[in-house]
Amino acid sequence: MPETVIQTRKLTKEYVREDYHVFALKEADIEIGRGEFVALMGPSGSGKSTLLHCIAAMDRPTSGEILVLGQDLSSLNERDIAHWRNVHIGFIFQSFNLIPVLSALENVELPLNLTALKKQERREHARNALELVGLGDRLHNLPRQLSGGQEQRVAIARAIVTDPDLILADEPTGNLDAASAQEVLNMLSRLNKEFGKTIVMVTHDPHAARFASKIRYLEKGELLPDGRTPADWNLPAAEATSG
Amino acid sequence: MIRHIPLIFKNAIRNRRRTLLTVASIAASFALLGTLAAMYRALFWSDPVPGQELRLMTRHRVSLTQSMPASYEQKIRAVPGVQAVSIVNWFGGTYKDEQRDRSNMFARFSTDPANFFEVRPDVKIAEDQKQAFLRNRRGAIAGKTLAAKKGWRIGERINLTGDIWPVNLELELVGTYEEATDDESLYFHHEYIRESFPQRSARRDLVGLFWIRVDSADSVPRVSKAIDTMFENSPAQTRTESELAFGLAFAAFLGNIKLFLAAICGAIVFTILLVTANTVAMSVRERKREVGILKTLGYTPSAVLSIILGEAAVISVLGGALGLFLAMVLAAGIRQGPAVFQQLKQVYITPTVALAGIAAALLIGVASSFTPAWNASRTPILTALRATD
Amino acid sequence: MRIPFSYNIRNLVVRKTTTIMTALGIALTVAVLLSVLALVNGLQTSLRSSGDPKRILVMRKGATAELTSGVTRQAFQDLKFKPGIARDSAGQPLASLEIVTVINLPSVDSEAGMNVTTRGLLQPGIEIRNLKLAEGRWFESGRRELVVGKGIAARYPDARLGGTLKFGKGEWTVVGVVDAGTGPINSEILGDLNQVAGDLNRMEGLSAMWLVAEDEITAKSLINSINDDVKLTAQAKSEVEYLEAQTSSAAPIQFIGIFVSLIMAVGSSFAAMNTMYAAVSRRAREVGTLRVLGFSKGSILTSFFLESLVLALVGGVLGCLLALPLNGLTTGVGNNLTFSEIAFNFRVGPDTMATGIVFALVMGALGGLFPARSAARKEILTALREI
């Protein structure tokens, strides 16, 4: 068993409104080891994104424990969490979320601005990351001058530029056409295999999930036991891109 | 912080039209603010022009319109520290058609020329013109600016109809002078007026003002006190003050200028605050999502805060700098305008005023954007990421 | 087809922070303009309302103010018996020989003191002006006694009833306060002619003469007859005409004030434009939808333009509210003809406020026109696609 990087125990996220309450996540226990590429699957509202957000410390669970890279996230304050995220996490969004006024290179450089690196080194790292995702010739383009697939590759470069321990991806292919999606998935797979990055990817596209080394299913806030698929697992293909 | 500067600048010019309008709006306000501040400085904080700090004015305690006996001159001259004393009288009167052409309203004084040059050694005049003035009882000298405005040449006939002094004067311009604070006045011999009164007239020997030069700036308070004490029990009590303070008394005449300037400046500052706050609020609202992105990359709330504050500061300092530049133009216009007070000739955007202006712009930028910036920096990541507008 | 007005109102309410901030900016600009207008208006009201066309001021030829004028006792004797001058109950002509000077009094506002007009007058001078005492009694001739205008009593601590002022050859006691409404006497100090002239060593060098004509028509002919009298070397003016000339005293403040408000208005228009552009871009999709529903480009333009006007109107009204407390507040400016201070009240009248509202609407119009036009020009599909 490789070193455990993510471990949750009875992780629960509960939303309480005036007259009803709902479990976005209910007592989820998951363990993910270093070097794994895990896909979290499930229909909309199944809690897969909530779990991902909790791992990235973007959301706080209502109860339960979560240890990421040996760190108890509930013990950190806002400032330390920000720093921790910068050092250990690379995040990839469905809608790319590049800063529109910054060039590809500057976008990738953004997380490095928080490190002690010198300007020259930051540039160098950012350029390397972009070359790695095959965009060495697009350094100075603004996001709107790139295709969707290219934008997502810039986002991947931004996620890996700090050499994080953990890459988290939230529907990374959700807004892409098939060919671009394929490229992005290949890239994630490569990051996992060649660079040994631990990746957790939320998706509801079964094709995307196949690139992962392990698939975990969620249903109505509950994490199904390892190896179990939902009984009515029969998602129509069209829904896979509905966000 | 320095690493965020490129992002701050790019954010600041992201919505070019909005930035342009905001900068223009702030610039308009700062043009005013700078001009008013320069006026305030000129009126209330200006350093005396070299030579000015050595000069005092003695007037009748009750009012400028009342006169003092000419014999005071000798007594004032005897006060230790006094170097020179000259008499000055506001003549008033009319030149041509003042009611219709306001450029015919200029300051005109009668004086005793020999002492006049003693009290004001900084008055620059050609030696031959000075001699001509001293010799010619009907001679007059005019400030260069005044002479230029009126198109006067040496030898010009200047006829004044008296009112306070009920005499009509037929003067001849014999020279022009230059002086830093006062180059739009006309000076002529008081003797000319005196002679026009009958021998027994009480007004022959009355004087409106004494202009005094002392040996050093340190003597000023002592000498002014000594003079006023000396005439404490005379029928005409005096008030002696520095030339600068004397000029201010005229400014007070327009009403409560300090309050007036302060109130307007207050209103302007508040307007700038509103404009900047509004712009930043609009920008932040549109970019909430980006705040979320930055936070996922590991930006702390305080980093986000400083990026937004920085953007507001850039915009407001830009507007402030542009405004101060416009203020320089306005100030130049004021210096060219009619000399309502001498001090208005000293309205300059000095480095101090400019620096204070830029500092104010910086402060306003930060203060106005603090609330939206703070709120954005405290927005939970997920809320920020979900924001669509 | 018109887009319902409530659409604009709701939108302004929804964006309330922006609305309030923009409106407040306009409000401040309006308030600055209104305070200056209120000051000028107050001065004019004060000077005009008290002018009586029957009252005539006689000064030396060429003099523009009593202070710089000079008349002799002989001239007064000649003038007093001109026909057309009204008479009092005892049959004496209502004519007063007067001396006017300026004394410096420490005021509430300025420690250095302000210049106050001091007038020595004859008994008829009181009746000429219909002066009524508010407090105390009139001065007695031969005594150093003074009666002060209400505005003076309020602003100068030394000049309250019972106070003493030092000028001329001794100390003077304030024995009465006169209420002259908004008239100039309100900012003056009055004493007996001979006592004042004697103390100032000016028994012969007096300032001016005041008289009352029987009626307005007689007043005109009286003025002409005095002006044509070569022996008198004097000129006569009706009080109305004389006071009118003094309203220019507020000209510097008026000039500065209007200049300041115009520049502030430029700034506020830009701010309003910003707000409206943001409104247009935020609601781009709505604009597209409205167009699909069949609203014309014109109605889109009108709608956004109206919204900007409403925004400015809110600012204008707020500005009036901000300026309103000034109403009735007493202030003073230096009179450029009398070399002394005139005290008067700020006046924020309906006409002043209307000016403020119009001023605000102009800012709103300038700020709203371009954004409204850009909203109207949007292509339906592009509009719908924008977020």
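Chain letters run A, B, ... following the sequence lines, proteins first and then strands; every chain starts at 1.
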Would you name the heavy atoms of [X] and [Y] that are closest together and state the gap between them?
X	Y	value
C:Met59	C:Ala208	CG-CB, 4.1 Å
B:Ser67	B:His60	O-CD2, 3.3 Å
C:Phe359	C:Ala265	CZ-CB, 3.5 Å
B:Ala267	C:Leu28	O-CD1, 3.7 Å
B:Gly365	B:Ser369	O-OG, 2.8 Å

Can you name the residues of residues 268-278 of chain B that have some heavy atom under 4.5 Å away from a heavy atom in chain C?
B:Ile268, B:Phe270, B:Thr271, B:Leu274, B:Val275, B:Ala277, B:Asn278
Chain C contacts: which residues in residues 12-19 of chain B have a non-hydrogen atom closer than 4.5 Å to it?
B:Arg17, B:Arg18
Under a 4.5 Å heavy-atom cut-off, does chain B meet the side chain of [X], its backbone, both or neither?
X	value
C:Leu165	neither
C:Thr275	both
C:Val32	side chain
C:Ser35	neither

Side chain, backbone, both or neither: which part of [X] has an atom under 4.5 Å from a heavy atom of chain C?
X	result
B:Leu206	neither
B:Thr279	side chain
B:Thr161	neither

Partner chain C: residue of B:Leu32, B:Leu36, B:Thr35 with the largest heavy-atom pair count (under 4.5 Å)
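Looking at each option in turn, the highest pair count goes to B:Leu32.
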Is a side-chain N or O of [X] found less than 3.5 angstrom from the main chain of [Y], in a donor-acceptor match?
X	Y	value
C:Ser207	C:Val100	yes
C:Thr22	C:Thr18	yes
C:Trp172	C:Phe167	yes
C:Thr118	C:Val102	no
B:Gln237	B:Glu232	yes
C:Lys169	C:Gly198	yes

Is it true that B:Arg239 and B:Asp228 have a side-chain N and a carboxylate O under 4.0 angstrom from each other?
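Salt bridge: no.
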Electrostatic pair B:Glu241-B:Arg59, nearest N-O below 4.0 angstrom
yes
Does the side chain of B:Asp205 come under 3.5 Å of the side chain of B:Ser71 through a donor N or O and an acceptor N or O?
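B:Asp205 vs B:Ser71: no donor-acceptor pair found between side chains.
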For each of C:Ala27, C:Gly257, C:Gly267, C:Ala278, tally heavy-atom pairs with chain B at distances under 4.5 Å, and name the one with the top tally.
C:Gly267
Greatest number of heavy atom pairs closer than 4.5 Å to chain B - which of C:Leu24, C:Val266, C:Leu200, C:Ile26:
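Max contact count across the listed options: C:Leu24.
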